[in-house]
Amino acid sequence: MKKYLSLLVLVIGLIIVSPSKAQAQYPIPSYQVELMQVNATFEENENTEILSPINREESQLTIEVGDPNPLQVSWVIVNVYSLDGQDVLGPYTVMEGSLLSVAIDDRAWGVKVVNCLEGAILSVWIE
């Protein structure tokens, strides 16, 4: 019995830790998201080309940082990546009040927050 229980615990542990594709915390587009933790992820729906017939050959992934606190200047450090895992761009540092625009192709893309000032407000969209 102890042997089967140990095996069951091992299998459950492997399922929990397995590198299966996790869902992003926030979709793209997302606007005015308060970052309370590092490692926040924003991902585009992989079926975007079906939902939106935009010519993606000349698209820009845009990131904007804000902060409701006038006594501090917020910042984030992000990586931009293709969901197929072929490309990782960055890291980019984006300061409050500025925009980062990254040229992207017709694949689905995501943004990973590598570091940030807690409470920074992040917006991510595609133009």
Side-chain angles (χ1 to χ4, degrees):
M1 180 68 174
K2 196 183 271 188
K3 181 177 170 181
Y4 292 113
L5 185 57
S6 297
L7 181 61
L8 179 63
V9 169
L10 178 65
V11 169
I12 290 172
L14 288 175
I15 290 171
I16 291 171
V17 177
S18 71
S20 61
K21 177 150 173 73
Q23 187 151 358
Q25 289 174 298
Y26 305 101
I28 296 176
S30 285
Y31 301 96
Q32 302 294 312
V33 175
E34 185 175 2
L35 298 175
M36 298 309 294
Q37 63 180 359
V38 176
N39 296 328
T41 56
F42 296 76
E43 286 186 357
E44 185 179 14
N45 180 339
E46 292 187 68
N47 298 321
T48 300
E49 63 274 359
I50 296 170
L51 301 174
S52 176
I54 297 172
N55 178 4
R56 291 291 300 267
E57 293 177 9
E58 301 174 7
S59 295
Q60 298 284 321
L61 181 95
T62 304
I63 299 167
E64 180 178 37
V65 177
D67 191 328
N69 184 348
L71 301 177
Q72 67 184 12
V73 177
S74 288
W75 53 269
V76 297
I77 299 174
V78 298
N79 284 330
V80 176
Y81 60 92
S82 61
L83 296 190
D84 63 11
Q86 297 296 320
D87 292 300
V88 177
L89 309 173
Y92 299 106
T93 300
V94 188
M95 301 300 292
E96 179 181 346
S98 63
L99 294 175
L100 169 68
S101 291
V102 179
I104 58 172
D105 58 20
D106 60 350
R107 295 175 292 167
W109 291 82
V111 174
K112 171 101 169 151
V113 176
V114 177
N115 202 352
C116 67
L117 181 67
E118 186 175 313
I121 305 293
L122 191 64
S123 296
V124 180
W125 69 92
I126 294 175
E127 299 181 296

### Task
Not counting sequence neighbours, list each pair that qualifies as a side-chain hydrogen bond (donor to acceptor under 3.5 Å, both in side chains) and has a residue in residues 65-77.
D67-Q72, D67-S74

### Side-chain heavy-atom pair V33, Q25 within 4.5 angstrom cut-off
no

### Intermediate values then yes/no, side chain to side chain contact (heavy atoms under 4.5 Å, CB included), N79 and V111
CA-CA 6 Å; N79 284 330; V111 174; over 6 Å; no

### Query
Taking it one step at a time, do I63 and F42 satisfy side chain to side chain contact (heavy atoms under 4.5 Å, CB included)?
CA-CA 11 Å; I63 299 167; F42 296 76; over 6 Å; no

### Message
Strictly distance-based, threshold 3.5 Å: is any side-chain N or O of E44 a donor or acceptor partner for the main-chain N or O of G110?
### Response
no

### Message
Test your reading of the model: is there a side-chain donor-acceptor pair from E64 to the backbone of L99, 3.5 Å cut-off?
### Response
no

Among the clusters formed by ILVMFWY side chains lying less than 4.5 Å apart, do [X] and [Y] turn up in the same one?
X: L89; Y: W125; result: no
X: V73; Y: L35; result: no
X: V94; Y: I126; result: yes
X: V38; Y: V76; result: no

#### Entry: Nearest heavy-atom neighbours spanning P70 and P68
CD-O, 3.2 Å

### Summary
Output for pair (N45 CG, I28 CD1), nearest 0.5 Å, gives 10.5 Å

### Task
Please round to the nearest 0.5 Å and tell me the distance separating atom CG of L61 and atom OG of S59.
9.5 Å

Contacts under 3.5 angstrom, residues 113-124 side chains, donor-acceptor by atom type, not counting sequence neighbours:
from: S123; atom 1: OG; to: Q32; atom 2: N; distance (Å): 2.9

## Note on the structure
The single option from W109, Y26, Y81 that satisfies side chain to side chain donor-acceptor pair (under 3.5 Å) with E43 is Y81

### Query
Does the side chain to side chain contact (heavy atoms under 4.5 Å, CB included) test come out yes or no for Q60 and V102, once each step is laid out?
CA-CA 5 Å; Q60 298 284 321; V102 179; 5.5 Å; no

